[in-house]
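On a predicted model such as this, the values are computed, not experimentally measured, just so you know.
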Amino acid sequence: MSDKGYVCTVNRYLAPLLPHTVLVVFLAVILPRMLLFFYLGGELPLPARDQGLYIHTAGRIAEGEGFSFSSDLGLLKNLRNTGGSPQRIWTENPDYVFGLAPVETPTAVMEPGYSVLLALFFSVFGAVSGSVFTLNLLFAIGGAFAVRKLVTEVWGAESGLMAAVLWSLYPPFVYYSAYAMTETAHISMLMISSMLVLSSGRGRGKGFLAGVSTGVFFLIRATALFLVPLQLLYLAWRKNWKALFFLVGGFAVAVSPWVVRNWISLGEPVLMPTKGSLNLWMRNNPEVLALEGINVPENLQQNNTSLLEYPSTDSIPGELARSRALGSSAAGYIRSNPRLMLWLAWNRAVSFLSPGGSTLGSRGMVAGLVIYPLMLFGGVGLWRGRSHPETVFLFSLFVLYLLMHALAHGGVRYRLPVDAVFLIGVALESCCGKGKH
């Protein structure tokens with residue numbers, strides 16, 4: 001700061017807490033999540049969303065059935081989807097889940113990481129909501145301390161403490177910590193992997209742990225694969241070539257058991273979940289999008305609509321062949337409709353930046369309006385810290401997520417992990433940390 005005699009008010013209040021930083025961060029993470037758990041009466045929150053799927057696969061793993069789907073689940077999905085709903089198309093055969101994965105056999109239809117971890121907690125604590133809560137709580141603790149370390153090493157202890165507390169108390173992060181889904185793990189692993197990458201860029205690590213953490217992140221949410229190029233670009237920019245190669249090696253080590261398992265079980269070294277083809281088909285299909293309230297303008301011409309017909313898979317055995325057939329149809333439709341894709345990308349980008357809507361419910365949408373002052377105030381903090389390579393990397397994370405989900409699947413739920421970028425910006429703007437001008 002230009003006035004060296006000036007003592008930042010926020011820093012003055014935070015300074016007495018620094019000797020107790022670990023306790024403060026622990027309490028900031030644990031207390032609101034415990035209050036939410038008791039408020040819910042120990043139940044999992046509603047709407048159910050994808051919780052049933054993760055609980056089902058975790059239960060199968062805990063029972064020794066491996067990463068697979070039961071025939072009961074296939075039948076249940078078949079019975080629940082009746083009438084003319086587009087979902088009926090990929091649930092009409094009860095012997096397949098999502099129309100892709102044969103029941104009672106090993107599958108690669110989705111990421112295995114969260115299900116495997118939840119199965120471990122089911123084995124220790126039982127298949128109860130407390131297992132979900134404990135697993136998510138551990139992820140939240142790891143994320144909070146990663147944020148603290150990331151910020152402290154660059155901008156000082158006061159900024160690090162404030163960033164960790166803001167991250168811990170951020171209402172949407174608390175809200176999703178009660179769900180038996182990958183949201184909390186995603187939010188936390190983004191910060192853990194980023195902290196390790198930034199530390200490697202400063203020469204404080206060889207990058208191997210950064211690669212391993214990104215690999216673990218990928219096994220929980222495949223989105224992490226698209227972070228690897230950004231991480232490599234950052235390390236190349238910092239001219240830390242050793243860390244760059246170690247990061248690639250660490251990532252390969254983390255994901256190799258999954259790839260080898262798929263090679264043995266499915267006959268091919270599959271990396272990406274096979275359900276990606278179904279997502280690609282659904283998220284660009286106007287008929288399916290209409291079910292989510294996304295109505296494509298009637299005057300927007302569509303070409304090769306025959307590709308929207310779900311491929312007849314009766315003569316296509318196996319998960320990989322079915323996924324390839326569906327992915328081929330989806331990719332062909334996308335190539336044939338550039339104007340539609342531009343419209344959808346804009347629509348998804350707006351949805352990505354929205355306060356909540358259908359994602360968080362009406363009350364959540366009102367609470368979600370905090371994102372706009374958060375982006376404004378946090379953006380100012382990031383701008384003032386723009387001379388730091390770490391700031392460039394953090395803002396690049398936000399831009400990358402925006403682009404990914406504008407092209408794939410919008411909604412505030414997919415923006416939440418990078419809300420952390422602006423929470424860190426708020427801490428930087430509020431505190432008088434080192435390097436602030």
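Side-chain atoms of T182 and E111, non-hydrogen and from C-beta on, never get closer than 4.5 Å to each other. Residues L73 and V103 have side chains not in contact (no heavy-atom distance under 4.5 Å, counting atoms from C-beta outward). For the pair E287 and L308, the minimum side-chain heavy-atom distance is 4.5 Å or more. You'll find the side chain of W155 stays beyond 4.5 Å of the side chain of C431, heavy atoms only. Annotation: side chain of Y39 is not in contact with side chain of P45 (no heavy-atom distance under 4.5 Å). Under the 4.5 Å side-chain criterion, counting only non-hydrogen atoms from C-beta, L280 is not in contact with L326. Counting only heavy atoms from C-beta outward, the side chains of R33 and F133 approach each other to under 4.5 Å. Residues F139 and L135 are in side-chain contact: their nearest non-hydrogen atoms beyond the backbone lie under 4.5 Å apart.
A donor-acceptor pair under 3.5 Å is absent between the side-chain atoms of S323 and the main chain of L320, judged by distance alone. Panel note: side chain S328, backbone A325; no donor-acceptor pair is recorded below 3.5 Å. With hydrogens and angles disregarded, no donor-acceptor distance shorter than 3.5 Å links the side chain of S351 to the backbone of N347. Proximity of a side-chain donor or acceptor of T184 to a complementary backbone N or O of N136 within less than 3.5 Å is not detected. Checked by atom type and distance alone, the side chain of E319 pairs as donor or acceptor with a backbone atom of V109 at under 3.5 Å. At distances below 3.5 Å, at least one donor-acceptor pair connects side-chain atoms of R322 with backbone N or O atoms of G99. Checked by atom type and distance alone, the side chain of S131 never pairs as donor or acceptor with a backbone atom of A127 at under 3.5 Å. Checked by atom type and distance alone, the side chain of S188 never pairs as donor or acceptor with a backbone atom of A185 at under 3.5 Å. Panel note: side chain S129, backbone G42; a donor-acceptor pair is recorded below 3.5 Å.
With sequence neighbours left out, the side-chain contact (heavy atoms from CB on, under 4.5 Å) criterion links A180 to L44, Q51, I55, V132. With sequence neighbours excluded, the residues that form a side-chain contact (heavy atoms from CB on, under 4.5 Å) with D95 are N93. For E65, there are no salt bridge (charged side-chain N to carboxylate O under 4.0 Å, His left out) partners, not counting sequence neighbours. F422 is linked by a ring-ring contact (aromatic ring centres under 6.0 Å, His included) to F398, counting only residues two or more places apart in sequence or in another chain. Under the rule for a side-chain contact (heavy atoms from CB on, under 4.5 Å), the partners of V248 that lie at least two apart in sequence or sit in another chain are L232. Residues that satisfy the ring-ring contact (aromatic ring centres under 6.0 Å, His included) test with F26, not counting sequence neighbours, are F145. Remark: A349 engages L402, A406 in a side-chain contact (heavy atoms from CB on, under 4.5 Å) (not counting sequence neighbours). F121 meets the ring-ring contact (aromatic ring centres under 6.0 Å, His included) test with F125; sequence neighbours excluded. Not a single ring-ring contact (aromatic ring centres under 6.0 Å, His included) links F208 to another residue, sequence neighbours left out.
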Taking only distance into account, with no hydrogens and no angle test, what donor-acceptor pairs under 3.5 Å do side-chain atoms of residues 249-260 form with protein atoms, sequence neighbours excluded?
unit_1, atom_1, unit_2, atom_2, d
S256, OG, A252, O, 3.4
S256, OG, V253, O, 2.9
W258, NE1, L271, O, 3.0

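Between D50 and R413 a salt bridge is recorded (basic side-chain N to carboxylate O distance below 4.0 Å). Using a 4.0 Å cut-off between charged nitrogen and carboxylate oxygen, R49 and E183 do not count as a salt-bridge pair.
The aromatic rings of F352 and H405 sit parallel to each other, their planes meeting at less than 30°, with 60° as the upper class boundary.
The local environment of CE in M272 is crowded, with over 12 non-hydrogen atoms from other residues, nucleotides or ligands closer than 6.0 Å. Within a 6.0 Å sphere centred on CH2 of W343, other residues, nucleotides and ligands contribute more than 12 heavy atoms.
Rounding to the nearest 0.5 angstrom, the gap separating the CG atom in L300 from the CG atom in N295 is 12.5 Å. Distance check, rounded to the nearest 0.5 Å: CG of N285 to CD1 of I294 gives 11.5 Å.
The minimum heavy-atom distance linking V270 with A108 is given by the pair CG1-CB, 4.4 Å. When every heavy atom of H388 is checked against every heavy atom of V154, the shortest pair comes out as ND1-CG1, 3.7 Å. In this structure, A28 and L169 approach most closely via the heavy-atom pair O-CD2, 3.4 Å. A48 and Y179 make their closest contact through O-CE2, 4.2 Å (heavy atoms, listed as atom of the first residue, atom of the second, distance). Closest heavy-atom contact between M189 and S213: CE-O, 3.3 Å. The two residues I316 and A321 have their closest heavy-atom pair at CG2-CB, 3.4 Å.
T214 and Q231 are linked by a side-chain donor-acceptor pair at a separation below 3.5 angstrom, with hydrogens and angles left out of the test. Q302 and Y333 form a side-chain donor-acceptor contact under 3.5 Å, judged by distance and modelled atom types alone. In this structure, a donor-acceptor pair under 3.5 Å is present between the side chains of Y170 and D419. Side-chain contact, T57 with S115: a donor N or O sits under 3.5 Å from an acceptor N or O.
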Does the side-chain contact (heavy atoms from CB on, under 4.5 Å) test come out yes or no for L344 and L289, once each step is laid out? CA-CA 10 Å; L344 285 173; L289 292 172; 3.5 Å; yes

Could you walk me through whether I220 and H186 pass the side-chain contact (heavy atoms from CB on, under 4.5 Å) test, one step at a time? CA-CA 7 Å; I220 292 171; H186 183 170; 5.5 Å; no

Evaluate the criterion side-chain contact (heavy atoms from CB on, under 4.5 Å) for residue pair E153 and L198; output intermediate values, then yes/no. CA-CA 10 Å; E153 289 187 348; L198 294 178; over 6 Å; no

Please walk me through it: do L397 and L227 pass side-chain contact (heavy atoms from CB on, under 4.5 Å)? CA-CA 8 Å; L397 279 183; L227 293 177; 3.7 Å; yes

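A ring pair (Phe, Tyr, Trp, His ring centres under 6.0 Å) check over residues 45-72, counting only residues at least two apart or in different chains, returns the pairs Y54-Y114. Listed by first then second residue, pairs satisfying side-chain hydrogen bond (donor to acceptor under 3.5 Å, both in side chains) with a partner in residues 15-31 number zero, not counting sequence neighbours.
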